[in-house]
Amino acid sequence: MGSTTQKEADKAAGKGDAERRGRKASKETRQLQLIEATIDSLAKRGYADTTMADVADGAGLSRGIVNFHFESKEKLLVATLQHMYDEYSAHWRNALQKAGDDPARRLQALVAADFDRAICNKRKLAAWCAFWGEAKSRPTYQMLSGARDEVYQQTIVELCTQLKHDAGYDYDAEATALGLSAMLEGLWLRLMISAESVTRETAHQAATDYLASVFPKHFSREAVGRRKIS
């Protein structure tokens, strides 16, 4: 009798754990739905005209659900920016890991990652620009983006430093890294505002041509020009 009771208790406990996991998964799923709907709204309407109601309608959920998960528009937008940075960071880190240890391959992979369709598309570029337009007056956005941008920038500096030591290039590694990252950001802006004149492929070609110009002992225009992006 005692063992039967224990088995039933264990079963009930297991069921309770499963239900809790289910509720947690449901919460994460709902929040992701709302974040994706927020990205859609930012791309379509811009920052100022995005409302909690727009997000709820876009996600196909009730407006009460939005308030339950995020309480305010500001908290929803911070969570969306956090999600986008997490996604972007995971993307370029994964590209570096796949590239191996060679600094030239790693830098080439880092540049190509910026123009991958999963990251570089009209919808997400428009959402990024919406946040960038607000960052100057919103310290929370500056703090969130600043720490992550610093890690990314330092990675480029380290790669430029390794290539300089490897081939004896006569440049300042930090200045060269700043120029490269600024070019990548500028190409993103051109992709967003230029209809058909700039594409992911032509933007990637411009960036790889820059690599061949600055690091001629590591990259050739012919070789980098043949590299495909997904």
Side-chain angles (χ1 to χ4, degrees), residues 9-95 113-153 181 184-185 188-193 195 200 230:
D10 291 343
K11 184 177 180 181
K15 182 179 179 182
D17 290 342
E19 288 175 349
R20 282 191 292 274
R21 287 194 298 270
R23 284 195 297 271
K24 182 179 179 181
S26 178
K27 178 181 178 182
E28 292 170 350
T29 299
R30 287 284 182 265
Q31 289 179 343
L32 183 57
Q33 281 180 274
L34 294 169
I35 286 171
E36 291 292 343
T38 303
I39 295 172
D40 288 338
S41 185
L42 289 170
K44 181 179 179 180
R45 301 178 180 88
Y47 188 96
D49 292 333
T50 289
T51 67
M52 299 280 272
D54 293 327
V55 172
D57 293 343
L61 299 171
S62 72
R63 297 176 187 182
I65 290 291
V66 188
N67 291 321
F68 173 76
H69 285 291
F70 293 105
E71 298 178 4
S72 68
K73 175 181 173 178
E74 181 60 21
K75 288 185 178 181
L76 173 60
L77 288 167
V78 169
T80 300
L81 181 58
Q82 176 86 54
H83 170 79
M84 292 179 68
Y85 267 113
D86 287 345
E87 179 185 53
Y88 181 72
S89 179
H91 184 73
W92 68 257
R93 289 174 187 275
N94 184 54
D114 247 24
F115 302 101
D116 188 286
R117 192 186 308 274
I119 293 297
C120 183
N121 55 64
K122 291 284 187 181
R123 171 178 172 267
K124 289 181 180 176
L125 291 180
W128 277 118
C129 287
F131 281 118
W132 290 340
E134 296 293 321
K136 184 176 181 180
S137 60
R138 296 182 184 275
T140 302
Y141 295 1
Q142 295 175 27
M143 184 170 58
L144 176 61
S145 61
R148 292 167 184 272
D149 288 344
E150 184 178 348
V151 173
Y152 179 80
Q153 186 62 28
S181 59
L184 294 174
E185 290 173 1
W188 267 26
L189 289 172
R190 291 293 297 271
L191 279 166
M192 194 197 74
I193 64 177
R200 288 186 312 113
S230 58

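- Although no hydrogens or angles enter the test, the distance criterion places no donor-acceptor pair under 3.5 Å between the side chain of N94 and the main chain of H91.
- Counting all heavy atoms, side chain and backbone alike, S181 lies closest to Q153 at OG-OE1, 2.8 Å.
- We find the CG-CG distance between L76 and L81 to be 11.5 Å, quoted to the nearest 0.5 Å.
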Handout entry: Residue pair L189, E185: steps toward the side chain to side chain contact (heavy atoms under 4.5 Å, CB included) verdict
Key = CA-CA 6 Å; L189 289 172; E185 290 173 1; 5.8 Å; no
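- T38 places a side-chain N or O within donor-acceptor distance of the main-chain N or O of L34, the cut-off being under 3.5 Å.
- Nearest heavy-atom pair across Q33 and A59 is NE2-O, 3.8 Å.
- One distance of note links CD1 of I35 with CD of E28; it measures 10.5 Å at 0.5 Å rounding.
- Summarising the geometry of K124 relative to M84, their closest heavy-atom pair is O-CE, 3.8 Å, with the distance given to 0.1 Å.
- Relative to the six-membered ring of F68, K27 misses at least one condition, a distance below 6.0 Å or an angle of at most 45° to the axis.
- Rounding to the nearest 0.5 Å gives a distance of 5.0 Å between CD1 of I39 and NE2 of H83.
- Looking at R45, its side chain never comes within 3.5 Å of a backbone N or O of T50 through a donor-acceptor pair.
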Practice task
Could you walk me through whether R63 and D57 pass the side chain to side chain contact (heavy atoms under 4.5 Å, CB included) test, one step at a time?
Solution key: CA-CA 8 Å; R63 297 176 187 182; D57 293 343; 3.5 Å; yes
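- Using a 3.5 Å distance cut-off with no hydrogens or angles, the side chains of S89 and D86 do not pair a donor with an acceptor.
- Between Y88 and W188, the ring planes lie perpendicular to each other; the angle is over 60°, past the 30° to 60° tilted range.
- In this structure, K122 contributes its side chain and L191 its backbone to a donor-acceptor pair below 3.5 Å.
- The CD1 atom of I193 lies 11.5 Å from the CG atom of L125; values are rounded to the nearest 0.5 Å.
- In this structure, A37 and G58 approach most closely via the heavy-atom pair CB-C, 4.0 Å.
- Residues R200 and D116 approach most closely at NH1-C, 3.8 Å, considering heavy atoms.
- For the atom pair K75 NZ and Q82 CD, the distance stands at 14.5 Å (nearest 0.5 Å).
- Contact record, D114 with L184: OD2-CB, 3.5 Å, taken as the closest heavy-atom pair.
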Problem - side chain to side chain contact (heavy atoms under 4.5 Å, CB included) assessment of I119 paired with W92 - result: CA-CA 10 Å; I119 293 297; W92 68 257; over 6 Å; no
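- Once rounded to the nearest 0.5 Å, the distance linking OH of Y47 with CG of L77 reads 4.5 Å.
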Exercise for the section: Report the C-alpha distance between F70 and V78 in whole Å, list the side-chain angles of each, state the deciding distance to 0.1 Å, and finish with yes or no for side chain to side chain contact (heavy atoms under 4.5 Å, CB included). Expected result: CA-CA 10 Å; F70 293 105; V78 169; over 6 Å; no
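- Side-chain contact between D54 and T51 is present, with heavy atoms from C-beta onward closer than 4.5 Å.
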